[in-house]
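Below: the structure, in structure tokens.
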Amino acid sequence: MAVEGAVCWGILGAGGIAKRFAASLAGVGGARLVAVSGRSAGRLAAFAPARIYADGSDGAAAHERLLADSEVDAVYLALPHSMHARWAVRALRAGKAVLCEKPAVLTAGEAREIAAVARETGMLFVEAMKCRFVPLHSRVQALLGTGELGQVRRIDCVQLVDYGEGRLGYLTDPVGGGALYDLGCYPMSWVEELTCGAPAGVSALARWKEVPGGRVDWAGRAELAFAGGVEATVAWAGDSGKYDCSCLITCENGSIAVERAHRPERAVVHRAGRCDEVVEAPYDPDDFHGEIAHFCGLLRSGVAESPVMPLAATVRNAELLDAVRARM
């Protein structure tokens, strides 16, 4: 580790998500931002006093320079979805631990490649699936773990938002854009965590948006059936007239309704014949903090894989998304 055990971070990318990450990182003890890379020196200036690596073209030379920076222990990969697999592998092989913004990959093949390289190099790789690193997630898992509600029987997850008509950027990329990757990965992560095995059946439909060079999905719905009779529904939309980001977990003896499931702070527990219980677990202090603190703790301890978001979870989530895309 660099100076006095601090985890020294570099950020690949300079978009809005990178700025939010940097702001949260400043509040995590024992972590500091030392370098940022991208195309535009002007945009990167917002991250001062971190070192700025800019090349004015596609950013590749700047990213390579950041990965060669000996002070950088870990990188937050905030590039467009279609660039994640390439730069995750490069970073791992450069000896950098990687926290990769969701979705980490576009295919299960990419996920398996990253997992193989992480294991080969012994470097830490974690997909930044924020909903797994907030306090409410632990509360929900603990409740399910008691067995009080019985076995999970059904999961209904939705991620419905309105992107608006402003700059859509990577969302309209015909390779890595679309609402399933950007939004659907969150509810699918809940499904992945609460089920096991490959789905016995998958059906899906999507509404498409024409974009330069092709098309991207802008809304959709999928039904999945798993062994043991567990069923799941995942719905997503980037042009919804009604905001709804929730996950209803129906069990044998009750249910848990998780609100704002992509970064939850509140859930309602229903038990037959009893008053509903409201469970509240605010962020500490924001929705990035948990994943950063968790990652830094693993890195300091020399742990090569996260128990909260292991490599197998990233691979399986990608497999489920692949199965849905194949039927859209």
Side-chain angles (χ1 to χ4, degrees), residues 8-25 33-47 50-69 72-107 109-111 113-115 117-118 123-130 163 167-186 211-213 216 288 291-292 295 309 311 314 317-318 321:
C8 293
W9 285 83
I11 300 176
L12 273 65
I17 198 77
K19 292 182 175 67
R20 291 178 59 201
F21 178 87
S24 185
L25 182 67
L33 180 63
V34 299
V36 185
S37 61
R39 294 176 297 174
S40 167
R43 293 186 69 184
L44 292 167
F47 295 89
R51 284 188 291 282
I52 302 301
Y53 296 114
D55 67 9
S57 57
D58 64 355
H63 302 327
E64 292 286 8
R65 289 171 64 199
L66 186 148
L67 295 183
D69 188 325
V72 173
D73 302 311
V75 298
Y76 173 59
L77 213 168
L79 298 170
H81 306 155
S82 60
M83 301 172 71
H84 286 180
R86 172 191 176 192
W87 287 103
V89 168
R90 285 175 179 257
L92 293 169
R93 293 203 181 281
K96 310 302 183 186
V98 178
L99 178 62
C100 182
E101 184 52 40
K102 63 80 200 169
V105 295
L106 300 184
T107 68
E110 290 182 347
E113 179 187 12
I114 289 172
V117 173
M123 299 306 300
L124 176 65
F125 175 91
V126 179
E127 182 175 11
M129 193 65 71
K130 287 195 295 294
Y163 286 136
R167 291 185 60 189
L168 297 174
Y170 68 91
L171 294 170
T172 55
D173 174 5
V175 177
L180 176 62
Y181 285 140
D182 190 54
L183 301 175
C185 65
Y186 280 124
V211 298
V216 295
F288 280 87
E291 66 186 20
I292 299 172
F295 189 95
M309 191 67 194
L311 296 169
T314 290
N317 209 46
L321 291 171

**Study point:** For the student: nearest non-hydrogen atoms of Leu33 and Ala50, plus distance
**Key:** CG-CB, 4.0 Å
Review point. Looking only at heavy atoms, what is the nearest atom pair of Val105 and Ala318, with distance?
Key: CG2-CB, 3.7 Å
Exercise for review: Give a yes or no on whether Arg39 atom CZ has more than 12 heavy-atom contacts from other residues, nucleotides or ligands under 6.0 Å away.
Suggested key: no
**Study point:** Spacing of Ile52 atom CD1 and Arg65 atom CZ [to the nearest 0.5 Å]
**Key:** 10.5 Å
Practice item. For residues Tyr76 and Ala18, report the shortest heavy-atom separation together with the two atoms involved. Key: CE2-CA, 4.2 Å
Practice item. Write down the atom of Gly10, the atom of Val72, and the distance for their closest heavy-atom approach. Key: N-CG1, 3.8 Å
Review point. With distance as the sole test, does Asp55 use its side chain to make a donor-acceptor pair with the main-chain N or O of Ala60 at under 3.5 Å?
Key: yes
**Study point:** His63: side-chain hydrogen bond (donor to acceptor under 3.5 Å, both in side chains) partners, not counting sequence neighbours
**Key:** Ser37
Review point. Just how far is it from atom CG of Asp173 to atom CG of Asp182, taken to the nearest 0.5 Å?
Key: 12.0 Å
Check your understanding: CZ of Phe21 to CH2 of Trp9: how many Å apart, nearest 0.5 Å?
Key -> 4.0 Å
Point to revise | Shortest non-hydrogen contact from Val98 toward Ala88 | key: CG2-O, 4.1 Å
Review point. Quick one: CD on Glu101 to CG on Leu77, what's the gap to the nearest 0.5 Å?
Key: 9.5 Å
Point to revise | Point-to-point distance, once rounded to the nearest 0.5 Å, from CG of Leu124 to CG of Leu311 | key: 8.5 Å
Review point. Under 3.5 Å, is there a donor-acceptor pair between the side chain of His81 and the main chain of Gly177?
Key: no
Exercise for review: Evaluate side chain to side chain contact (heavy atoms under 4.5 Å, CB included) for Met309 paired with Phe125, printing each intermediate quantity in order.
Suggested key: CA-CA 9 Å; Met309 191 67 194; Phe125 175 91; over 6 Å; no
Study note, to complete from the structure: All heavy atoms of Tyr170 vs all of Pro80, minimum pair found to be CB-CB, 4.0 Å
Revision key, fill the gap. Rounded to the nearest 0.5 Å, the CD1 atom of Ile114 sits from the OG1 atom of Thr314 at a distance of 8.0 Å
Exercise for review: Check each of Leu66, Ile11, Leu99, Leu92 against Val75 using the side chain to side chain contact (heavy atoms under 4.5 Å, CB included) test, and report the only one that passes.
Suggested key: Leu66
Review point. Can you check side chain to side chain contact (heavy atoms under 4.5 Å, CB included) on Met129 and Asn317, steps first, answer last?
Key: CA-CA 11 Å; Met129 193 65 71; Asn317 209 46; 3.8 Å; yes
Check your understanding: Do side-chain atoms of Tyr181 reach the backbone of Leu106 as a donor and acceptor pair under 3.5 angstrom?
Key -> yes
Review point. Tyr53 and Asp69: side chain to side chain contact (heavy atoms under 4.5 Å, CB included), yes or no, with the steps?
Key: CA-CA 10 Å; Tyr53 296 114; Asp69 188 325; 2.7 Å; yes
Review point. Glu291 and Val126: side chain to side chain contact (heavy atoms under 4.5 Å, CB included), yes or no, with the steps?
Key: CA-CA 9 Å; Glu291 66 186 20; Val126 179; over 6 Å; no
Exercise for review: Could you list the residues that satisfy side chain to side chain contact (heavy atoms under 4.5 Å, CB included) with Thr107, not counting sequence neighbours?
Suggested key: Glu110, Asp322
Exercise for review: Indicate yes or no for a side-chain donor-acceptor contact from Lys130 to the backbone of Lys102 under 3.5 Å, with no hydrogens or angles considered.
Suggested key: no
